[in-house]
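Notes follow the structure.
Remember, it's 1-based here, ligands and their atoms both numbered in the order they're listed.
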Amino acid sequence: MTGLDEFLEGLVADADAVCLFSPGKSHYETLAGDDVVVVGPDNDVEADAFVKLPLEFEDLRDRIRFGVEGAVEHGYVEEDADLVCLAKVFGEDADTVARVRADEFEKSGVYGLFANSRAEPSVIRDVLEVAVELGKKGQKGKPVGALFVVGDAGKVMNKSRPLSYNPFEKSHVHVGDPIVNVMLKEFSRLDGAFVISDSGKIVSAYRYLEPSAEGVDIPKGLGARHMAAGAVTRDTNAIAIVLSESDGLVRAFKAGELILELDPEAY
Ligand SMILES: Nc1ncnc2c1ncn2[C@@H]1O[C@H](COP(=O)(O)OP(=O)(O)OP(=O)(O)O)[C@@H](O)[C@H]1O
Ligand SMILES: [Mn+2]
């Protein structure tokens with residue numbers, strides 16, 4: 001056995017489970033005897049343990065993080081499981097091995113944000129991307145803040161009122177449309193929240209959210225925009241994505257809880 005064989009044998013020895021990312025049928029069948037969790041956009045190998053990957057995470061680290069977080073959330077693996085991840089990076093089949101412990105990543109909340117949310121995962125991704133873009137670029141270099149309420153739009157509209165005329169009233173603009181990046185920069189300097197439907201239609205801008213805030217506890221130091229985001233997600237099935245003008249971070253709230261915090265500069 002060559003040195004490389006020994007190294008690879010050591011790399012995969014005594015793992016608690018294997019996370020297979022988008023495997024082919026034959027590939028899956030060769031490992032069927034082991035403890036295997038399949039992660040991918042669809043369960044076309046009909047795996048018993050499957051984690052749906054709602055987005056093409058280009059970055060392998062993000063892909064593994066999402067898959068592992070989902071495997072733990074589903075209870076397929078323990079929080080401290082020692083895992084071997086097999087994924088394809090360059091080829092048509094698995095060509096990359098990663099050894100990782102499930103508790104390697106602090107819980108990012110990314111899985112919880114995308115999984116079982118009312119809004120479609122691609123809509124959540126689009127809004128996150130807009131918020132990160134705004135965070136990086138700001139409004140002509142000046143930091144901006146923004147509040148996007150995504151999903152369950154009917155209920156959200158009932159729990160809010162207009163601060164000004166709604167420029168999206170007569171139009172059908174989807175949050176993934178390229179033009180949105182330009183428009184939102186303009187709109188982001190104005191008050192209020194954007195309300196976005198489950199399918200990604202921008203229902204309204206300039207909305208003042210009026211959910212009662214009692215019982216919503218958000219990190220100290222965050223103000224009314226974040227409080228409104230926490231409160232509206234407790235009272236509806238929406239999630240909220242907030243870009244803070246004060247600290248430039250993007251945060252996501254779901255069911256009244258802060259579940260994700262990321263720094264646009266890291267993206
Ligand atoms: N209930 C609300 N509904 C919609 N928008 C709100 C609400 N409360 C505050 N905002 C928006 O948030 C903006 C900033 O308010 P504030 O500074 O209190 O929030 P914050 O949480 O500190 O946000 P930031 O970190 O961006 O400063 C307000 O100008 C307003 O546009
Ligand atoms: Mn503030």
Side-chain angles (χ1 to χ4, degrees), residues 109 113 117-119 123-124 126-169 173 175 180-198 200-267:
L113 181 66
S117 282
R118 273 288 289 268
V123 171
I124 297 171
D126 289 342
V127 175
L128 262 181
E129 279 175 6
V130 166
V132 167
E133 211 38 43
L134 270 179
K136 280 201 273 198
K137 292 223 181 76
Q139 172 66 19
K140 297 190 182 64
K142 226 168 66 46
V144 293
L147 165 52
F148 303 96
V149 186
V150 188
D152 207 6
K155 224 161 147 197
V156 173
M157 292 298 276
N158 290 337
K159 288 183 171 298
S160 62
R161 70 178 56 217
L163 285 171
S164 168
Y165 80 98
N166 172 19
F168 294 96
E169 187 142 15
V173 178
V175 68
V180 158
N181 253 319
V182 179
M183 289 163 86
L184 285 190
K185 278 194 198 89
E186 285 315 304
F187 288 125
S188 62
R189 67 189 146 80
L190 294 154
D191 276 347
F194 290 92
V195 180
I196 294 167
S197 75
D198 295 350
K201 180 177 181 311
I202 303 182
V203 173
S204 180
Y206 311 149
R207 283 308 276 193
Y208 187 74
L209 305 177
E210 296 185 301
S212 59
E214 97 269 351
V216 181
D217 73 3
I218 59 169
K220 294 289 163 278
L222 297 179
R225 188 191 326 260
H226 294 81
M227 180 54 89
V232 75
T233 60
R234 188 209 40 206
D235 293 359
T236 68
N237 290 313
I239 60 143
I241 291 173
V242 187
L243 168 63
S244 164
E245 188 176 343
S246 327
D247 66 13
L249 296 184
V250 172
R251 293 177 178 87
F253 293 83
K254 181 173 183 178
E257 303 278 322
L258 171 66
I259 62 167
L260 175 70
E261 186 173 272
L262 57 89
D263 180 350
E265 293 315 321
Y267 276 74

Look at [atom] and say which protein heavy atom is nearest, naming residue and atom and giving the distance to 0.1 Å.
{"atom": "atom 21 (O) of ligand 1", "result": "His226 ND1, 2.6 Å"}
{"atom": "atom 5 (N) of ligand 1", "result": "Gly192 CA, 3.4 Å"}
{"atom": "atom 29 (O) of ligand 1", "result": "Asp191 OD1, 3.1 Å"}
{"atom": "atom 27 (O) of ligand 1", "result": "Ser246 OG, 2.7 Å"}
{"atom": "atom 7 (C) of ligand 1", "result": "Tyr208 CE1, 3.9 Å"}
{"atom": "atom 3 (N) of ligand 1", "result": "Leu209 N, 2.9 Å"}
{"atom": "atom 16 (P) of ligand 1", "result": "Ala224 N, 3.9 Å"}
{"atom": "atom 19 (O) of ligand 1", "result": "Arg225 N, 3.1 Å"}

TODO: Over all heavy atoms of both residues, which pair between Ala238 and Asp152 is shortest? Give the atoms and the distance, please.
DONE: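 Minimum heavy-atom contact is N-CB, 3.8 Å.
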Open item on the list: Show the nearest heavy-atom pair for residues Phe168 and Ser204, with the distance to one decimal.
Closed with: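 Smallest interatomic distance, heavy atoms only, reads CD1-C, 4.2 Å.
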TODO: For Thr236 and Lys159, test the side chains for any donor-to-acceptor distance below 3.5 angstrom and give the result as yes or no.
DONE: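 Looking only at side-chain atoms, Lys159 and Thr236 do not form any donor-acceptor pair under 3.5 Å.
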Task: Residue list, side-chain contact (heavy atoms from CB on, under 4.5 Å) with Glu129, at least two apart or on another chain - done: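 Partners of Glu129 by the side-chain contact (heavy atoms from CB on, under 4.5 Å) criterion, ordered by chain and then number, come out as Arg125, Asp126.
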- [ ] Please identify each residue that fulfils side-chain contact (heavy atoms from CB on, under 4.5 Å) with Ala240, with sequence neighbours left out.
- [x]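 Ala240 satisfies side-chain contact (heavy atoms from CB on, under 4.5 Å) with Leu147, Ala229, Thr233, Phe253 only.
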TODO: Would you please determine whether Arg207 falls within less than 4.0 Å of ligand 1 on a heavy-atom basis?
DONE: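 Within the 4.0 Å threshold, so yes.
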TODO: Kindly say whether Gly151 contributes a backbone atom to a donor-acceptor pair with the side chain of Arg118 at under 3.5 angstrom?
DONE: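 Absent.
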Task: Rounded distance [0.5 Å steps], CZ in Arg251 versus CD1 in Ile218 - done: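 CD1 of Ile218 is found 9.0 Å from CZ of Arg251.
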Task: Location of contacts on Ala228 toward ligand 1, heavy atoms closer than 4.0 Å - done: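 Side chain only; the backbone of Ala228 stays clear of ligand 1.
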Open item on the list: Is it the case that ligand 1 has an N or O less than 3.5 angstrom from some N or O of Gly145?
Closed with: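 Checking ligand 1 against Gly145, no N or O pair falls under 3.5 Å apart.
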